[in-house]
Amino acid sequence: LNKGSADAIKLFIGQIPRNLEEKDLKPIFEQFGKIYELTVIKDKYTGMHKGCAFLTYCARESALKAQTALHEQKTLPGMNRPIQVKPADSEGRGEDRKLFVGMLGKQQEDDDVRKMFEPFGRIDECTVLRAPDGTSKGCAFVKFQSHAEAQAAINSLHGSRTLPGASSSLVVKFADTEKERGLRRMQQVASQLAVFSPMTLNLGAYNAYTQALVQQQTLVAQSAYLSPIATVAAVQMQQMAALNGNGIIATPITPITPITPSSATPVPALPPPVGISGYSPVPAAANGQPASETIYTNGIHPYQAQSSAGVLDPLQQAYAGMQHYTGPEGCNIFIYHLPQEFTDSELLQMFLPFGNVISAKVFVDRATNQSKCFGFVSFDNPTSAQTAIQAMNGFQIGMKRLKVQLKRPKDANRPY
DNA sequence: TGTAATT
């Protein structure tokens, strides 16, 4: 048999390193059965690897075996979350047969709703939405076993009657998909931000005020207790603040339109715009170091093949060429209480004086695009990390002091 | 307390 059977399940594979292509993934998944189709998901326009894939086995049984053996069970090299193996959204996980029912009466129970929808098909799920205090929100979700049944219910029931206690006629529609919900959330956030139009902020005055504060704070920092190397950082921060107009004092709100795109602002008297240094792509066995050693010394859990010796090799080779996001254990620091407007490049600038920075990352809320005011900096050696911690922990910016510690190791849950 | 992503 060389074709997917009718009942085959298309799987979504998540948490795969972006340097792994179909040929690298194939050996990992082949051990559970013959593969019908395996496709790495790429961006439609840029062709960029999205870190996930679709996989269909010829036999449904293979998909179930792979899911059981791999889902949340293994972590591929360079990833910090376990691999995901589950039916793809397109497999009718539910959204296309799930209905939203609005304009119910407050007194209607799950069973009342169920009775109303039963004539149209088999119901998997029927729930009236309730507030925390148990009172009905006047709406419900009803999930049928098929899209057609759900559609039949819409055709017959939507707008067909007005229930006692409801302000208008019954609403029956397909429930929002995950994507629609996400979009709705983003629109809500956007509309809230729009309340603060740039015109309502006296930006000129704010900047002058900000810069005065920055200078004062920096002087305090320089004169007091900081080591010479931290003073270098302080001066750099002062320059950044003065030049990019963003200020490094946390602002109450960030306007939608940035005053100046800070990342685009050149900063004279500083090292030239620095990329992320270190870890340039290196062939697998460069410097006589086998790729397998790289995996282990880097403190990242490699994917371990259970039996077949052919599985690990392609992975090791692929892994050797990828750029690392974190440094070795003890080289990665966590920085909290960053100014709201600090970007990756500013974080990088702040910590450059302490050593070779492998990466600098400010954590950003994906929904709002706002900084979460913490980030990570990775050095190529533990001494630089310690120096940075000594110099910058407690560093005052505005009303806050930076908290600078070693990044919590993935495995341990010891608090610092 | 680190690129969670659905052709």
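In what follows, every chain begins at residue 1, and chains take the letters A, B, ... in the order their sequences are listed.
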Task: Heavy-atom donor-acceptor pair, A/Asn332 side chain to A/Ser378 backbone, under 3.5 Å - done: no
TODO: Test A/Arg97 against A/Asp124 for salt bridge (Lys or Arg N to Asp or Glu O under 4.0 Å), laying out the working first.
DONE: CA-CA 10 Å; A/Arg97 53 192 176 97; A/Asp124 272 359; 2.9 Å; yes
Roughly how many Å is it from [atom1] in [X] to [atom2] in [N], rounded to a whole number?
X        : N     : atom1 : atom2 : value
A/Lys372 : B/dT3 : NZ    : P     : 9 Å
A/Ile335 : B/dG2 : CD1   : P     : 13 Å
A/Leu406 : B/dG2 : CG    : P     : 14 Å
A/Phe334 : B/dG2 : CZ    : P     : 9 Å
A/Gln15  : B/dT6 : CD    : C1'   : 13 Å
A/Leu402 : B/dT1 : CG    : C1'   : 15 Å
A/Glu91  : B/dT6 : CD    : C1'   : 11 Å
A/Tyr336 : B/dG2 : OH    : P     : 13 Å

- [ ] Would you name the heavy atoms of A/Lys115 and A/Pro119 that are closest together and state the gap between them?
- [x] O-CD, 3.4 Å
TODO: Answer yes or no: does a side-chain N or O of A/Lys361 lie under 4.0 Å from OP1 or OP2 of B/dT3?
DONE: no
Open item on the list: Using OP1 and OP2 only, check whether a side-chain N or O of A/Lys50 sits under 4.0 Å from B/dT3.
Closed with: no
Give the nucleotide from the list [options] with an atom nearest to the side chain of [X].
X        : options             : result
A/Lys86  : B/dT6, B/dT1, B/dT3 : B/dT6
A/Ile41  : B/dT6, B/dT1, B/dG2 : B/dT6
A/Gln405 : B/dG2, B/dT6, B/dT1 : B/dT1
A/Arg408 : B/dT1, B/dT6, B/dG2 : B/dT1
A/Phe363 : B/dG2, B/dT1, B/dT6 : B/dG2
A/Arg18  : B/dT6, B/dG2, B/dT3 : B/dT3

Open item on the list: Tell me which one of A/Phe334, A/Tyr336, A/Phe351 satisfies ring pair (Phe, Tyr, Trp, His ring centres under 6.0 Å) with A/Phe376.
Closed with: A/Phe334
Open item on the list: As a quick check of understanding, evaluate side-chain hydrogen bond (donor to acceptor under 3.5 Å, both in side chains) for A/Gln386 and A/Thr383, giving each step before the final call.
Closed with: CA-CA 5 Å; A/Gln386 287 304 330; A/Thr383 308; over 6 Å; no
